[in-house]
Amino acid sequence: MKIVSITGTRPQFVKAAAISHAIQRTAGLEEVLVHTGQHYDAEMNDVFFKDLALPVPAYNLQVHSGSHGAQTGRMLERIEDVLKHERPGWVVVYGDTNTTLADALEAVKLHTRIAHVEAGLRSYDRSMPEEVNRVLTDHVSDLLLVPTTVAVHNLQREGIAGHSVQLVGDVMYDAFLQHTAHAMKFSSVLTRLGLTPRSYVLATVHRAGNTEDVETLRAIFEGLLQVAQEIPVVVPLHPRTRKSLLTLGLLERVEHGFTLVDPVGYLDMLVLEHHASLIATDSGGVQKEAFFHRVPCVTLRTETEWTELVDSGWNRLVPPLDPGLGNRILTALADQPPSERPDTIFGDGNAAGRIVMLLTDDDSSQARPASGRTRRVTPQARPKSS
C-alpha cells in the first residue's frame with residue numbers, strides 16, 4: 001500500500017520522521033514523502049532532514065512564503081498534481097499549519113483517505129490560524145490520530161467519535177526518546193555558545209500573532225530583556241521574528257541583550273532544551289519538549305492547546321501583554337518545579353508504531369462511510385471548567 005506523507009515545517013519533519021521510520025520497518029508499505037516548501041531556509045529545513053535521517057522528499061513543491069490565501073492556494077494546486085499521479089491509499093497530514101489544511105482539502109476533494117496526526121488539539125481561539133487549520137482538518141479526516149485523552153474529549157464535544165478517533169500517543173515523544181541520547185553525545189552546541197548546564201533561559205518566539213503585532217512583539221522582548229539582566233537568555237531567532245525586530249528597530253538592542261543564534265537543528269535544540277533552567281516559548285512543540293526534558297516552561301500566549309501541561313504545573317501561561325511578563329518569568333525561574341510529574345500524558349513512545357498498524361488495518365479504511373464525508377458538527381464553544 002502506498003502512503004503519501006506531506007510535510008512543510010520543522011515540527012512536521014519531527015513527526016513525519018517517527019512515522020517514516022516505522023513505515024520502513026513494515027513490510028508491504030511504500031511511503032512517498034512530499035515537502036510543500038513552507039519552511040525552506042537551510043537552517044529551518046536541510047538540517048532537520050539530516051538530524052532525523054529523513055529520506056529526501058520525492059516531491060518538493062517549493063511553495064515558500066506568502067499570505068495565508070496565496071500560500072494555501074499554491075499548495076492546493078501543486079498537491080493535486082502529486083495525488084493524481086501517486087493515487088495513494090492514505091494521505092498522512094501533520095499538525096495545524098497551512099500545509100496541513102491544504103493537504104487535507106485536496107485529499108478530501110479527490111476522495112483519498114486522510115489520516116491526521118496530532119488530531120483533536122484545541123486552544124478555543126479562532127483568531128489563531130493554527131486553530132482554524134486543525135479544526136477544519138479534523139472534520140474532513142477519516143482517521144484522527146490523537147495524542148492525549150484531552151484531545152479525545154475535544155473531538156467528542158464536536159460530535160466526532162467512534163473508530164475514526166484513535167488515541168495513539170504523541171509521535172514527538174517517540175522522536176524525543178529516539179534521538180535524545182544521540183544528541184547529548186554528538187551535539188556541541190553548548191560549547192559553541194559558551195554555555196554551561198542550568199545557567200540560562202531558552203526562549204523561542206515565532207507565532208504570527210506575536211511577531212506581526214508591534215505592541216505584542218515589543219512587550220515580549222522587553223520582558224525577556226528584563227530576564228536577561230538576571231540570567232543569560234538564549235534565543236534561536238526565527239527568520240520572521242528577525243525581520244519583525246528589524247522593522248521595529250529592536251534588532252540591534254536584542255543582539256546586545258541576548259545570546260542570539262540562527263535557528264538550530266533538532267539535535268542541538270534537544271540539548272539546549274535539556275540543559276536550560278527554564279524555557280519561555282510560544283511554540284506548541286517546544287512546550288511538550290520542555291515537559292519531556294523535565295524543564296519548567298512559560299508559554300508566551302493567552303492560551304495553549306496543551307492544557308495538560310498547565311494542569312500538571314510544569315507550564316505557566318503568561319500573556320504577552322502582561323505588564324509583569326519579565327517578573328513572572330523570573331518568578332517561574334525561582335520556583336521549584338512540582339514534586340510529581342505525570343509520565344503517561346503523551347503515551348509510551350510507540351505512537352508511530354500504532355499509527356502504522358492502523359493504516360494497515362482494514363477496519364481503519366471503514367472509519368467513515370465511503371458514501372459520504374459529512375459528519376454532524378456542533379457549534380464549537382470553550383468547555384466549561386469543572
Side-chain angles (χ1 to χ4, degrees), residues 11 15 95-96 117-128 130-131 134-135 138 144-158 160-161 165-177 201-204 207 209-210 273-274 276-322 324-325 327-349 351 380-386:
K15 300 177 184 88
D96 53 22
V117 176
E118 209 174 70
L121 304 189
R122 297 292 183 269
S123 68
Y124 295 97
D125 179 2
R126 290 289 180 90
S127 69
M128 294 174 57
E130 296 88 351
E131 182 77 356
R134 63 173 72 108
V135 170
D138 281 343
L144 295 105
L145 301 161
V146 180
T148 67
T149 55
V150 170
V152 172
H153 296 152
N154 291 339
L155 293 171
Q156 290 173 343
R157 292 187 189 99
E158 297 173 21
I160 306 177
V165 177
Q166 294 287 336
L167 177 60
V168 295
D170 196 305
V171 292
M172 287 191 70
Y173 186 47
D174 292 20
F176 165 81
L177 293 176
V201 168
L202 177 66
T204 73
R207 285 189 179 270
N210 284 342
E273 290 167 340
H274 184 78
S277 296
L278 179 133
I279 294 173
T281 186
D282 60 4
S283 162
V286 174
Q287 290 175 55
K288 288 187 296 180
E289 288 170 344
F291 181 79
F292 300 160
H293 288 288
R294 300 174 181 265
V295 174
C297 182
V298 170
T299 295
L300 305 171
R301 289 164 49 185
T302 57
E303 78 298 304
T304 178
E305 56 276 17
W306 299 108
T307 56
E308 304 92 334
L309 302 179
V310 177
D311 293 340
S312 74
W314 283 83
N315 190 359
R316 301 185 187 190
L317 286 174
V318 179
L321 294 178
D322 187 320
L325 184 147
N327 286 329
R328 291 187 64 180
I329 295 175
L330 288 170
T331 298
L333 180 66
D335 288 348
Q336 291 294 318
S339 57
E340 296 184 0
R341 176 184 173 277
D343 290 328
T344 59
I345 293 177
F346 297 103
D348 60 3
Q380 187 186 40
R382 182 185 295 274
K384 295 180 181 179
S385 58
S386 56

At what distance, to the nearest 0.5 angstrom, does [atom1] of [X] lie from [atom2] of [Y]?
| X | Y | atom1 | atom2 | result |
| --- | --- | --- | --- | --- |
| E273 | K288 | CD | NZ | 11.5 Å |
| I345 | D170 | CD1 | CG | 10.5 Å |
| L121 | E130 | CG | CD | 11.5 Å |
| L330 | D335 | CG | CG | 11.0 Å |
| T148 | N154 | OG1 | CG | 7.5 Å |

Worksheet entry | Nearest atoms (heavy-atom pairs only) where E131 meets Y124 |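 For E131 versus Y124, the nearest heavy atoms are OE2-N, 3.0 Å.
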Discussion item. Set out, in order, the CA-CA distance, both residues' side-chain angles and the distance that settles side-chain contact (heavy atoms from CB on, under 4.5 Å) for E118 and R134, then state yes or no.
Written reply: CA-CA 9 Å; E118 209 174 70; R134 63 173 72 108; over 6 Å; no
Ignoring hydrogens and angles, tell me if any N or O in the side chain of [X] forms a donor-acceptor pair with the backbone of [Y] under 3.5 Å.
| X | Y | result |
| --- | --- | --- |
| T281 | S283 | yes |
| N210 | L300 | yes |
| R328 | L317 | yes |

Worksheet item: Is any side-chain N of the basic residue among R122 and D96 closer than 4.0 Å to the acidic one's carboxylate O?
Response: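 Looking at D96 together with R122, the answer is no, because their closest N to O distance does not fall below 4.0 Å.
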Discussion item. Would you say that F291 contacts C297 through its side chain, given a criterion of any heavy-atom pair below 4.5 Å between the two side chains?
Written reply: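 Counting from C-beta outward, F291 and C297 never come under 4.5 Å.
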Practice prompt. For the pair F176 and F292, name the ring-plane relationship: parallel under 30°, tilted 30 to 60°, perpendicular over 60°.
Written response: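 Ring orientation of F176 relative to F292: tilted.
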